[in-house]
Structures are given as structure tokens and as C-alpha cells.
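Written out below as C-alpha cells is the structure these notes cover.
Remember, it's 1-based here, ligands and their atoms both numbered in the order they're listed.
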Amino acid sequence: MADASDAAIFGPSQEALAFLAQAHGQLIGEAFVEGRGATLIEVEDPATEQVIAKVRASSAEDLDQAVAAARKAFKGWSRASGADRARIMLRFADLLERDADKLAEIETLENGMPIALSGATIKGFCADYVRYYAGLATKLEGSTIPARANGREALDLLVYTVREPVGVVGAIVPWNVPVSMIILKLAPALAAGCTLVLKSAELTPLTSILVARLWLEAGGPPGVFNLIHGLGHEIGAALVSHPGVDKITFTGSTAVGKEIVRAVSHDLKRVSLELGGKSPFVIFPDADLADAIPSAAMACFFLSGQNCMAGTRLFVHEKVLEPVLEGLAQTAAYLKVGPGLDPTTMIGPLVSARQKGRVLEHVEAAAAEGARLTYAGGVPGGPGHYVAPTIYADVTPGMRLAREEVFGPVLGVQAFGDDDEALLSAINATTYGLSGSVWTRDLSRAHRMARAIDSGQVGVNIHAALSPETPFGGNRQSGWGREFGREGVDAYLKTKAVSVNLGAG
Ligand SMILES: NC(=O)C1=CN([C@@H]2O[C@H](COP(=O)(O)OP(=O)(O)OC[C@H]3O[C@@H](n4cnc5c(N)ncnc54)[C@H](OP(=O)(O)O)[C@@H]3O)[C@@H](O)[C@H]2O)C=CC1
Ligand SMILES: CCCCCC/C=C/C(=O)O
């Protein structure tokens, strides 16, 4: 269990302290300059509740300049060869790897996540994600289409398509895995030939500055990646409405996703949305419980539950309900809760007091609605926004815990019997559709379930299997479009069809 002294023991390194003490600017073109907005953002360490740095928000004028820099850079970047773009992106990937430990420490300081996890995601995921898209930059091919039109036969026509970058992208990212979230937006957009203005999350602006520096060090041309800071409803909303921006890519809550869609209705900007989730994790009686039980716990408690693909609705066949509940409680008790900088921590604090308040409200609502508490990790005392893993059984589809995204380490368990149709209707009784997994040794049942679950991603004996190559995104109110994989770059391209009359003199 965490206490204040743990956070004091595992303090920041000298290098991190030196970085935190610096002035933290925005990146416009090639210059890191301090924002001119009215708001001074105080960045807090969620493990200690101490303010660790201050970042001045960007002003409307800063935003205009960032968009102008991106528009100017678009001319060159969009016309550069895929090989030239790839070369810079590959250098950028190497630099992410080189500085992974430094990035991970700052990520843990601003967001609270365990250092082992921040290091692993930057080294093991971010660099390879950039490399994957660097490879795709050289493969953005159109097609030739045998077609007849306007009285011309196919032999007299040459019809082909070209893939063109959509233009200047406004990217808005959340705080839950800040470095990965920035990289998720940057890599496919850069590969496509787009330029960006990215707004960091108000709670986690520091890592965005380090990533932007690495981009310039890699030789990224000025203006291709611009970084602004500030509040979502101020500078975020202004970015969404800016006439110089061609597309918005957003990861965050479904509520803000809907606001963005309303905001772009005046100019019909393109929009990609990666929103919330309430993903099912389904354990059949023939599942390998030794694997399924700890996996179910981590599917929900990973990142303290602050991730969109968390398996927060656990469906367990009634025949194995009691051993699963017992195993979950044992696993939850084993997970060490503490400050992220402690290398043995498995569950860090939540990102903010506000987030902790939201999560505890869900815990209270579950109890009030009659769910049965089977494991209460509790709320550790002392500073830090800690909430330990909490498990409720006897959850029914109508309860808030089964319907609303908690974004905290709170698992709701629902029992099911032998009626697969009833199970499927309970699984799909949600407005979300992001991820999910089924755990069974019966592969026919697994494939039937995978087809019938209405979500963008389903795992069989694995949950939230993320890889740069595999498309990821949501159905229904979990979002629009896909990130990762080839579809990830498609989101930043538009297709032009060219028809040539070969018979014309
Ligand atoms: N799908 C996911 O991965 C995520 C889901 N969530 C869900 O959202 C809940 C609330 O978290 P929260 O941080 O408030 O998430 P938000 O959706 O509010 O924030 C995500 C990003 O959008 C920005 N933003 C907020 N309002 C606007 C707006 N009107 N126009 C443009 N940008 C805007 C935010 O800025 P600012 O930083 O200033 O708030 C932030 O950069 C969580 O409990 C969780 O359920 C949250 C984060 C990620
Ligand atoms: C390796 C971490 C990358 C996470 C990407 C998936 C998005 C999750 C989220 O939005 O919470």
C-alpha cells in the first residue's frame, strides 16, 4: 500500500529536476517559445500532489501562428518523397529509444503511471510504431481501374487514383499514456505527408515538449510538428474550429468527441475519434483459469484502469464464478499500489483529484445499486490520488458500473449461464464498442463470439492485443475510424481519381 514516505524515497533524478525547473514552451515552427495565454498550467505529480512545473497556455495568436507554420510546412512535407519522410521518422524512432528512460521518468512524474510501464511502452511500442509508419510512407500507392465512362470503352481510358495527404491536422490528446498518445497521432500523419498542430493534455504537457525536441533533433523540418498547450474548452476548442485546419484527430471522452463533431459541423472538417469503452472480458467454464484470472485482473487494473480498452465488464460462467472471484481477489491483493517511480509498483495513483473523485463516485453508486463488494483495496491515506483495485460481483446490465466508463481500477462481474444468445445480448448492451475478449478452449465458440461481439477489437485468450500493424478503434460511441495498421494512415489521406481519355488527340 502506498504512503507519502514511498513517494519521498523514490524522488526525481537530478536530470529530471533540471528539466522541470526550465521554462516550458510551445513549439511553433522551429522555435520553442513560451505561450502567451492567460492560464498558467500547474503540473502536479499525482503521487505527491506537489506542483512540479508550470507551463503557460497558448493564446489564440499562438494558435494562429502554429497553424500558419503548419500550412507553410505542408507545401514541402507533402511533396517530399516517402523515402525522405521515412528517413527522418526512422531517426526520430531511434531518438525515442535513446531517450526512453528520460521520457519515462517525466511521464511517470506528470501522470503517475508505474515507471516499468512507461519505460516499456516507450521502448517497446512507441519507437516501433514510428518505424512501422516510416515503412508505410514509402508505400502509399493508388490503383489503376479498368473502367468505361462517357461513351469511352475501357481500352480508351486510363483511370488511376492517387493518395494525397489531407492537409494540416489538429491533434488533441489525453493524459492517460501521454507519450504513446502523441506518437499514435504523429506517426501516421507524418507518414501521409500531413503537418500537425498538437494540443497536449492540460495535466501532462511536459512529455510533449521532450517529444517535440526529439522531432527537431531528428531533422524534422520546422513547422511540420507544432505543439501548443492549454485548456481543452479554450485552445482545444479553438483548434477544432480553426479555418486553417483540415482534419481533427482526437482521443478522449465520448462527451468531448460529440462536442467536436458538433463544432466541425460548420465546415465539415474530417474527424477521427478514439473515445471511451466498457469492454467485455468473457470467461467460459472450459477456459484456462490460471491464465484467464490474472489476465482479467490486469485487463481492468492496468494503468489504474485509466485506459480506453480496459476490460471493465467481466462476464463469468456461473460454474466457475466462485473460483474466479476468489482468484481475482488474490490477484488484486498481490498488485502493489504505490508511487510510479518505485520500480516495484504495479498500480500507480490516478492522474488527479478530479479523476479520483469520479472513480469513488462510481464505487459508491455500485454499492448503492446493490452490487456485491468482493474485494476492496481501499483508498490509501496520505498524499497521492490512490485508489486500490476494487471488485464488485452481482452486477446487472442496468447498473452504472455496467454502463458507464469509470476510468479507474473498478471491476464489475456479471454471471452468465448456458444461453449464448442471452450472454451476447448482455455483452452488447452498451453504447460502447472498443475492445473485448473471450476466454475458452472451444475455438468454434470463440470465433462465433468474436463475430457477434460489436466492437472494433476482440481477443481470444488475450485481451487488448495492441501492435502497430493491427487496426484499433471503436464501434458505436467508442469512436470513428481506426488507428494503427494500414487503416491508420488512410485516416490522413484522401483519394483523387484521374481519368485520362487516351483517344483524345
Ligand atoms: N478514450 C480515452 O483514451 C480517454 C477517455 N477519457 C474519458 O474521459 C473522462 C474524462 O477525462 P478528461 O481528461 O476530462 O477527458 P477529455 O475528453 O475532456 O480530454 C481529452 C482531451 O480533450 C481536450 N478537450 C476537452 N474539451 C475539449 C473541447 N471542447 N474541444 C477540444 N478539446 C477538448 C482535453 O483538454 P484538457 O487537457 O484541458 O482537459 C484533452 O486534451 C475519463 O474519466 C474517461 O472516462 C479520458 C481520457 C482518455
Ligand atoms: C501502449 C499503450 C498505447 C495505448 C493505445 C491505445 C489507446 C488507449 C486509450 O486511449 O486509452
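- Annotation: side chain of Leu103 is in contact with side chain of Leu214 (closest heavy-atom distance under 4.5 Å).
- No side-chain heavy atom of Val179 sits less than 4.5 Å from a side-chain heavy atom of Thr121.
- Under 3.5 Å, the side chains of Asp454 and Asn475 contain a donor-acceptor pair of N or O atoms.
- Selection from Pro174, Ser352, Gly277, Ala238 by nearest heavy atom to atom 47 (C) of ligand 1 gives Pro174.
- Here the options are His229, Arg56, Arg36, the test is side-chain hydrogen bond (donor to acceptor under 3.5 Å, both in side chains), and the partner is Asp62; only Arg36 passes.
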* Decide yes or no on side-chain contact (heavy atoms from CB on, under 4.5 Å) for Lys258 and Gln477, but give the supporting numbers first. => CA-CA 9 Å; Lys258 289 178 183 176; Gln477 295 188 30; 3.0 Å; yes

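- Heavy-atom contacts of Phe250 reach the following atoms of ligand 1: 17 (O), 20 (C), 21 (C), 22 (O) (cutoff under 4.0 Å).
- With hydrogens and angles left out, the side-chain atoms of Ser58 and Gln26 include a donor and acceptor closer than 3.5 Å.
- For atom 13 (O) of ligand 1, the closest non-hydrogen atom on the protein side is Trp175 NE1, 2.5 Å.
- The aromatic ring centroids of Phe125 and Phe484 lie less than 6.0 Å from each other.
- Nearest to atom 2 (C) of ligand 1 by heavy atom, out of Pro205, Ser241, Cys308, Ala237, is Cys308.
- Of all atoms in ligand 1, numbered sequentially from 1 with element shown, those under 4.0 Å from a heavy atom of Ile172 are 21 (C), 22 (O), 23 (C), 31 (C), 32 (N), 41 (O).
- Just one of Lys247, Lys185, Arg482 meets the side-chain hydrogen bond (donor to acceptor under 3.5 Å, both in side chains) condition when paired with Ser272; it is Lys247.
- The protein heavy-atom contact nearest to atom 45 (O) of ligand 1 is Glu405 OE1, 2.7 Å.
- The closest non-hydrogen atom to atom 1 (N) of ligand 1, taken over Leu434, Val351, Leu275, comes from Leu275.
- The closest side-chain donor-acceptor pair between Thr430 and Lys278, if any, does not fall under 3.5 angstrom.
- Ranking the protein heavy atoms by distance from atom 31 (C) of ligand 1 puts Gly236 C, 3.4 Å first.
- Of the protein's non-hydrogen atoms, Ser253 OG, 3.7 Å is the one closest to atom 16 (P) of ligand 1.
- Shown in contact with Gly230 at under 4.0 Å from a heavy atom are these atoms of ligand 1, numbered in order with element: 38 (O).
- Remark: ligand 1 atoms within the under-4.0 Å shell around heavy atoms of Asn176 are 3 (O).
- Between the side chains of Ser59 and Glu61, no donor N or O sits under 3.5 Å from an acceptor N or O.
- The backbone N or O of Gly398 lies less than 3.5 Å from a partner atom in the side chain of Arg403, making a donor-acceptor pair.
- Contact check for Ser304 versus Ile347: side-chain heavy atoms found under the 4.5 Å cut-off.
- The nearest protein heavy atom to atom 19 (O) of ligand 1 is not closer than 4.0 Å.
- The residue among Val256, Val406, Thr204 with a heavy atom at the shortest distance from atom 26 (N) of ligand 1 is Val256.
- With Val406 as the partner, the side-chain contact (heavy atoms from CB on, under 4.5 Å) test is satisfied by one option alone out of Thr312, Leu401, Val363, Val387: Leu401.
- Ranking protein heavy atoms by distance to atom 46 (C) of ligand 1, first place goes to Phe407 CE2, 3.7 Å.
- Near ligand 2, Thr121, Phe125, Asn176, Ser180, Met181, Leu184, Thr251, Glu274, Asn307, Cys308, Met309, Leu466, Phe472 each place a heavy atom less than 4.0 angstrom from the ligand.
- At most 12 heavy atoms of other shown residues, nucleotides or ligands fall within 6.0 angstrom of atom NZ in Lys54.
- For Thr254, no heavy-atom contact with ligand 1 is shorter than 4.0 Å.
- With values rounded to the nearest 0.5 angstrom, Leu196 atom CG is found 5.5 Å from Leu190 atom CG.
- Every atom of ligand 1 is numbered from 1 in the order shown, and the set under 4.0 Å from a heavy atom of Leu231 is 38 (O).
- The nearest protein atom to atom 25 (C) of ligand 1, hydrogens excluded, is given as Gly232 CA, 3.6 Å; this is a heavy-atom distance.
- The part of Gln355 lying near ligand 1 is the side chain, judged by heavy-atom distances below 4.0 Å.
- When all heavy atoms of Gly230 and Glu202 are compared, the pair lying nearest together is O-CB, 4.0 Å.
- Here Val173 has backbone heavy atoms under 4.0 Å from ligand 1, and that is the only part of it that gets that close.
- Set against the non-hydrogen atoms of Glu274, the atoms of ligand 1 under 4.0 Å away are 1 (N).
- For ligand 1, the polar-atom distance check against Gly252 finds a nitrogen or oxygen pair separated by under 3.5 Å.
- Proximity of a side-chain donor or acceptor of Thr345 to a complementary backbone N or O of Pro339 within less than 3.5 Å is detected.
- In the vicinity of Lys199, heavy-atom distances shorter than 4.0 Å reach the ligand 1 atoms 35 (O), 36 (P), 37 (O), 38 (O), 41 (O).
- The protein heavy-atom contact nearest to atom 10 (C) of ligand 1 is Arg358 NH1, 3.3 Å.
- If you check which protein heavy atom lies closest to atom 37 (O) of ligand 1, you get Glu202 N, 2.8 Å.
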